[in-house]
Engineer: 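Quick one: the structure is below, questions incoming.
Everything numeric in this text was worked out from a predicted model, so none of it was measured.
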Amino acid sequence: MTKNFNWLLVVFIIIAGISYIFFTYFQGVPVLNYHQINNQSHNSLTLSDSEFEAQIKYLYKHGYTPIGPDELADYLQNGTELPSKPILITFDDGYEDNYQVAYPILKKYHFKATIFLITDFIGNNNRYLTWDQIKEMSDNGISFESHTLSHIALPKASDEEIRAQLLRSKEGLEWRLGKKVEYLAYPGGEYDQRVIGLVKETGYRAAFTVNFGRDRVNCTLFTLNRIPIFGGGTHTFFRFWLRLKFTQLFDALQDYKSLLIKKGNTSLAGLIYIP
């Protein structure tokens with residue numbers, strides 16, 4: 001009798017552990033965060049066109065459904081039902097290669113995306129999008145939101161300057177595109193409670209960080225997580241796959257690694273692999 005009880009207890013613990021891992025690490029909506037897509041800029045922000053297409057093709061073949069920020073916010077705030085395997089694809093800054101390289105690939109696989117624009121750079125720097133390119137994409141499934149006027153570090157700015165950065169970029173995009181702009185990506189991922197308050201005050205519905213993680217119902221709409229598909233020395237498909245599939249696990253490992261470094265355990269921290 002005791003033997004059977006012990007066996008049942010072990011089975012229960014295993015099932016409970018698997019259930020915990022599933023509901024902790026595999027739930028929530030993934031929001032991918034890209035920057036540049038080209039074959040010239042070999043830096044931590046840039047993916048090659050072939051690597052980007054391999055990632056989008058994978059999402060397409062495995063049944064992921066692209067959504068927009070409104071759908072994500074409705075789900076998080078109100079529990080509105082989402083399609084099967086939802087995913088939000090975002091780009092920061094508004095580089096010209098988003099039109100030249102990423103846009104044709106997205107169209108090929110019938111995927112939509114959201115681009116957060118630095119509005120002062122539009123048409124004033126040949127590395128960035130033009131209004132004509134933005135208008136064409138806006139008319140064909142790509143949404144555009146704010147990344148402020150000039151990509152300043154918001155926590156270091158005065159209240160007046162932050163309001164100007166938030167309001168003028170928002171109003172400029174709305175005027176140019178004839179569509180509401182309600183979402184922000186924090187420049188450099190930097191924010192604090194004062195910044196969050198001003199983002200709410202200036203009429204935004206939600207804001208995205210570069211914090212590694214997925215987004216679940218009842219999470220804070222002004223500190224939304226994303227999965228950075230940048231950083232690190234290489235951009236391989238395997239790295240993308242690990243980040244997509246085990247987001248929460250690697251987020252927890254990153255937190256633990258940071259704690260070890262803070263406590264001076266750099267040798268142990270170096271053994272922890274973060275893709």
Engineer: Going by atom types only, do Y99 and E136 share a side-chain donor-acceptor pair under 3.5 Å?
Structural biologist: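 Yes, a side-chain donor-acceptor pair sits under 3.5 Å.
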
Engineer: Short question: side chain of R163, backbone of L198 - any donor-acceptor pair under 3.5 Å?
Structural biologist: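 No; judged by distance alone, with no hydrogens or angles, the pair does not exist.
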
Engineer: I want to check something: taking the side chain as every heavy atom from C-beta on, are R243 and F250 in contact at a cut-off of under 4.5 Å?
Structural biologist: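 No - every pair of side-chain heavy atoms lies 4.5 Å or more apart.
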
Engineer: Quick one: does K112's side chain have a donor or acceptor within less than 3.5 Å of a partner on G141's backbone?
Structural biologist: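 It does not hold such a pair.
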
Engineer: Backbone N or O of F237 within a donor-acceptor pair of the E51 side chain at under 3.5 Å?
Structural biologist: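 Yes, the answer is positive, given that a donor and an acceptor are paired below the 3.5 Å cut-off.
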
Engineer: Considering only heavy atoms from C-beta outward, does the side chain of Q77 approach that of L221 to under 4.5 Å?
Structural biologist: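 Q77 reaches L221 side chain to side chain.
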
Engineer: For S143 and T114, does a side-chain donor sit closer than 3.5 Å to a side-chain acceptor?
Structural biologist: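 Yes - a donor-acceptor pair under 3.5 Å links their side chains.
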
Engineer: Determine whether R214 and N225 make a side-chain contact, defined as any pair of heavy atoms from C-beta on separated by less than 4.5 Å.
Structural biologist: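 Not in contact.
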
Engineer: Report yes if the side chains of R194 and D159 come closer than 4.5 Å at any heavy-atom pair, otherwise no.
Structural biologist: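 In short, these two side chains touch, coming nearer than 4.5 Å.
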
Engineer: Could you verify whether a donor N or O on one side chain and an acceptor N or O on the other, from R226 and T90, lie under 3.5 Å apart?
Structural biologist: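 Yes.
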
Engineer: Any side-chain to backbone donor/acceptor pair from N78 onto T80? Under 3.5 Å, distance only.
Structural biologist: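 Looks like no, no N/O pair under 3.5 Å.
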
Engineer: Please give me the minimum heavy-atom distance between A113 and F91, naming the atom from each residue.
Structural biologist: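 Taking every non-hydrogen atom into account, CB-CE1, 3.9 Å.
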
Engineer: Same hydrophobic cluster for L167 and I162, using side-chain heavy-atom links shorter than 4.5 Å among ILVMFWY?
Structural biologist: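 In one cluster with L167: I162, no.
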
Engineer: Rounded to the nearest 0.5 Å, what separates atom CD1 in I261 from atom CG in L268?
Structural biologist: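 Spacing of CD1 (I261) from CG (L268) equals 10.0 Å.
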
Engineer: Check the angle between the aromatic planes of Y64 and Y58 and answer parallel, tilted or perpendicular using the 30° and 60° thresholds.
Structural biologist: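 The arrangement is tilted - the two ring planes meet at 30° to 60°.
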
Engineer: Return yes if a side-chain donor-acceptor contact under 3.5 Å exists between S150 and Q165, otherwise no.
Structural biologist: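 Indeed, the side chains of S150 and Q165 share at least one donor-acceptor pair under 3.5 Å.
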
Engineer: Measure the CD1-CG distance between I87 and L82 for me, rounded to the nearest 0.5 Å.
Structural biologist: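 These two atoms lie 12.5 Å from each other.
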
Engineer: Going by distance alone, is a donor N or O of one side chain under 3.5 Å from an acceptor N or O of the other, for Y109 and E53?
Structural biologist: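 Indeed, the side chains of Y109 and E53 share at least one donor-acceptor pair under 3.5 Å.
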
Engineer: Please step through side-chain contact (heavy atoms from CB on, under 4.5 Å) for the pair K85 and H62, ending with a clear verdict.
Structural biologist: CA-CA 9 Å; K85 299 180 78 170; H62 286 82; 4.1 Å; yes

Engineer: Looking at S138, is its backbone amide N or carbonyl O close enough to the side chain of K179 to form a donor-acceptor pair, meaning the two atoms are under 3.5 Å apart?
Structural biologist: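 Answer holds: yes.
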
Engineer: Is the distance between the ring centroids of Y128 and Y95 under 6.0 Å?
Structural biologist: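 So the answer is yes for these two rings.
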
Engineer: Kindly give the heavy-atom pair with the smallest separation between V181 and E174, and that separation in Å.
Structural biologist: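 Result for this residue pair: N-OE2, 2.9 Å.
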
Engineer: Considering all heavy atoms of both residues, which atom of V210 and which atom of P228 are nearest to each other, and what is their separation?
Structural biologist: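 What the structure gives for the nearest pair is O-CG, 3.7 Å.
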
Engineer: For the backbone of D49 and the side chain of N39, can you confirm whether one donor and one acceptor N or O come within less than 3.5 Å of each other?
Structural biologist: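 A pair under 3.5 Å: yes.
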
Engineer: Given side chains that start at C-beta, do those of I118 and L149 come closer than 4.5 Å, heavy atoms only?
Structural biologist: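 No. Closest side-chain heavy atoms not under 4.5 Å.
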
Engineer: For V195, does its backbone N or O pair with a side-chain atom of Y186 as donor and acceptor, under 3.5 Å?
Structural biologist: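 Answer holds: no.
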
Engineer: Evaluate L224 against V31 for side-chain contact (heavy atoms from CB on, under 4.5 Å), listing each step before the verdict.
Structural biologist: CA-CA 9 Å; L224 293 176; V31 180; over 6 Å; no

Engineer: Enter the distance from H151:NE2 to E190:CD here, rounded to the nearest 0.5 Å.
Structural biologist: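 Result: 9.0 Å between the selected atoms.
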
Engineer: Measure up the F208 and F116 rings against each other and bin them: parallel (under 30°), tilted (30 to 60°), perpendicular (over 60°).
Structural biologist: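 Ring orientation, 0 to 90° scale: tilted.
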
Engineer: For a 4.5 angstrom cut-off between non-hydrogen side-chain atoms, does D92 reach F230?
Structural biologist: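 Sidechains of F230 and D92: no contact.
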
Engineer: How long is the span from the OG1 atom in T202 to the CG atom in L166, to the nearest 0.5 Å?
Structural biologist: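 If we round to the nearest 0.5 Å, T202:OG1 and L166:CG are 4.5 Å apart.
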
Engineer: Looking at every non-hydrogen atom in both residues, tell me the closest pair between P83 and P86 and how far apart they are.
Structural biologist: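 The pair with the smallest heavy-atom distance is O-CD, 3.2 Å.
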
Engineer: Tell me if a side-chain donor or acceptor on E71 pairs with a main-chain N or O of G68 at a distance below 3.5 Å.
Structural biologist: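 Such a contact is found between E71 side chain and G68 backbone.
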
Engineer: To the closest 0.5 Å, what do you measure between NZ (K57) and OG (S50)?
Structural biologist: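 Between atom NZ of K57 and atom OG of S50 there are 12.0 Å.
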
Engineer: Look at K170 together with E145 and state whether they make a salt bridge at an N to O cut-off of under 4.0 Å.
Structural biologist: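 No, K170 and E145 are not salt-bridged.
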
Engineer: Going by atom types alone, do D70 and Y183 pair a side-chain donor with an acceptor below 3.5 Å?
Structural biologist: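 Y183 and D70 do have a side-chain donor-acceptor pair below 3.5 Å.
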
Engineer: For side-chain contact (heavy atoms from CB on, under 4.5 Å), just list the numbers for I134 and I115, CA-CA rounded to whole Å, side-chain angles, deciding distance to a tenth of an Å, and then say yes or no.
Structural biologist: CA-CA 9 Å; I134 291 165; I115 301 176; over 6 Å; no

Engineer: Taking the six-membered ring of Y103 as reference, does the cationic atom of K107 (NZ for Lys, CZ for Arg) lie under 6.0 Å from its centre and within 45° of its axis?
Structural biologist: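 Checked: cation-pi criterion met.
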
Engineer: Measuring only between side-chain heavy atoms, which start at C-beta, is R127 closer than 4.5 Å to Q36?
Structural biologist: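 Yes, side chains in contact.
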
Engineer: Are the charged groups of D74 and R205 less than 4.0 angstrom apart, N to O?
Structural biologist: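 Yes, D74 and R205 are salt-bridged.
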
Engineer: Hey, what's the ring geometry for F246 with W241, parallel, tilted or perpendicular (30° and 60° as the breaks)?
Structural biologist: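 Answer is perpendicular, since the angle exceeds 60°.
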
Engineer: With side chains defined as the heavy atoms from C-beta onward, is the minimum distance between L88 and L32 less than 4.5 Å?
Structural biologist: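 The answer is no, as the side chains (C-beta and beyond) never meet within the 4.5 Å cut-off.
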
Engineer: Is a donor on one side and an acceptor on the other found under 3.5 Å between the side chain of T220 and the backbone of F222?
Structural biologist: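 Checking the backbone N and O of F222 against the side chain of T220, no donor-acceptor pair under 3.5 Å is found.
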
Engineer: Answer with yes or no whether the hydrophobic clustering places F238 together with Y34; edges join I, L, V, M, F, W, Y residues whose side-chain heavy atoms lie under 4.5 Å apart.
Structural biologist: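 Yes; tracing contacts between hydrophobic side chains, which count when under 4.5 Å, links both residues.
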
Engineer: Rounded to the nearest 0.5 Å, what's the gap from CG on L249 to CG on L242? Could you check?
Structural biologist: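 It is 9.5 Å, given to the nearest 0.5 Å.
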
Engineer: Checking D97 against Q40 for the side-chain contact (heavy atoms from CB on, under 4.5 Å) test, could you report, in this order, the C-alpha distance in whole Å, the side-chain angles of both residues, the deciding distance, and whether it holds?
Structural biologist: CA-CA 10 Å; D97 58 42; Q40 290 77 44; over 6 Å; no

Engineer: Strictly distance-based, threshold 3.5 Å: is any side-chain N or O of T130 a donor or acceptor partner for the main-chain N or O of Q133?
Structural biologist: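 Side chain of T130 to backbone of Q133: a pair is present.
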
Engineer: Please check if any side-chain donor atom of S41 sits under 3.5 Å from a side-chain acceptor atom of T46, or the reverse.
Structural biologist: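 The answer is no; no qualifying pair exists.
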
Engineer: Taking all atoms of both residues into account, what is the closest heavy-atom pair of L244 and I227, and its distance?
Structural biologist: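 Smallest heavy-atom distance, with atoms named: CA-CD1, 4.4 Å.
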
Engineer: Which heavy atom of K257 sits nearest to which heavy atom of I272, and what is that distance?
Structural biologist: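 Of all heavy-atom pairs spanning K257 and I272, the closest is NZ-O, 3.2 Å.
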
